[in-house]
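Numbering of residues begins at 1 and proceeds along the displayed sequence.
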Amino acid sequence: LLLVARLPLLQSMATAKVANLASATVSLTSYAALGHVQWSKGIVMAVGMAGGAFLGASLATRNAAHFARIELLLVASALIARLAFDSYFS
């Protein structure tokens, strides 16, 4: 969205978050309907994610654009490292 639609960084990130939320909601609903959800583990994950989201939002409001760029760089670097590790050792 940042490059293709020429949206500002924060707006493109927010749009992506909304799309991910919609996708996750549909996925959870369909898996829950089939009985494939481990609710105890999911609740623990949800609490951790909510805490991280709160911390991230409070940090982002202080210096939004700078923080978002650093966060994006760190997450992308971690994903690249994980992909490289998995492809090399498996």
Side-chain angles (χ1 to χ4, degrees):
L1 292 172
L2 183 65
L3 298 174
V4 175
R6 302 273 186 207
L7 292 175
L9 177 64
L10 293 178
Q11 186 178 359
S12 64
M13 289 177 67
T15 304
K17 298 278 186 209
V18 170
N20 286 338
L21 176 64
S23 172
T25 302
V26 170
S27 298
L28 177 62
T29 303
S30 62
Y31 281 119
L34 296 172
H36 298 299
V37 177
Q38 296 180 3
W39 292 104
S40 59
K41 293 179 182 178
I43 290 171
V44 171
M45 282 183 55
V47 169
M49 289 175 63
F54 180 77
L55 178 64
S58 64
L59 288 173
T61 55
R62 290 187 206 147
N63 193 0
H66 179 70
F67 176 74
R69 283 189 180 95
I70 291 174
E71 177 188 9
L72 189 61
L73 178 65
L74 290 175
V75 170
S77 298
L79 288 172
I80 290 169
R82 171 79 189 262
L83 182 61
F85 181 83
D86 287 348
S87 63
Y88 182 72
F89 289 110
S90 55

In residues 46-58, what donor-acceptor pairs under 3.5 Å come from side-chain atoms, sequence neighbours left out?
| residue | atom | partner | partner atom | Å |
| --- | --- | --- | --- | --- |
| Ser58 | OG | Phe54 | O | 3.3 |
| Ser58 | OG | Leu55 | O | 2.8 |

Name every donor-acceptor pair, under 3.5 Å, that has one atom in a side chain of residues 73-85 and the other anywhere in the protein, sequence neighbours excluded.
| residue | atom | partner | partner atom | Å |
| --- | --- | --- | --- | --- |
| Ser77 | OG | Leu73 | O | 2.8 |
| Arg82 | NE | Asp86 | OD2 | 3.0 |

Identify each donor-acceptor pair in which a side-chain atom of residues 28-35 lies under 3.5 Å from a protein atom, sequence neighbours left out, and give them as a table.
| residue | atom | partner | partner atom | Å |
| --- | --- | --- | --- | --- |
| Thr29 | OG1 | Thr25 | O | 2.8 |
| Ser30 | OG | Val26 | O | 3.3 |
| Ser30 | OG | Ser27 | O | 3.0 |

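Residues in residues 16-33 take part in no salt bridge (Lys or Arg N to Asp or Glu O under 4.0 Å) pair, two or more places apart or across chains. Applying the salt bridge (Lys or Arg N to Asp or Glu O under 4.0 Å) test to pairs two or more places apart or on separate chains, none has a residue in residues 22-42.
Between the CE atom of Met13 and the CZ atom of Arg69 there is a distance of 10.5 Å, given to the nearest 0.5 Å.
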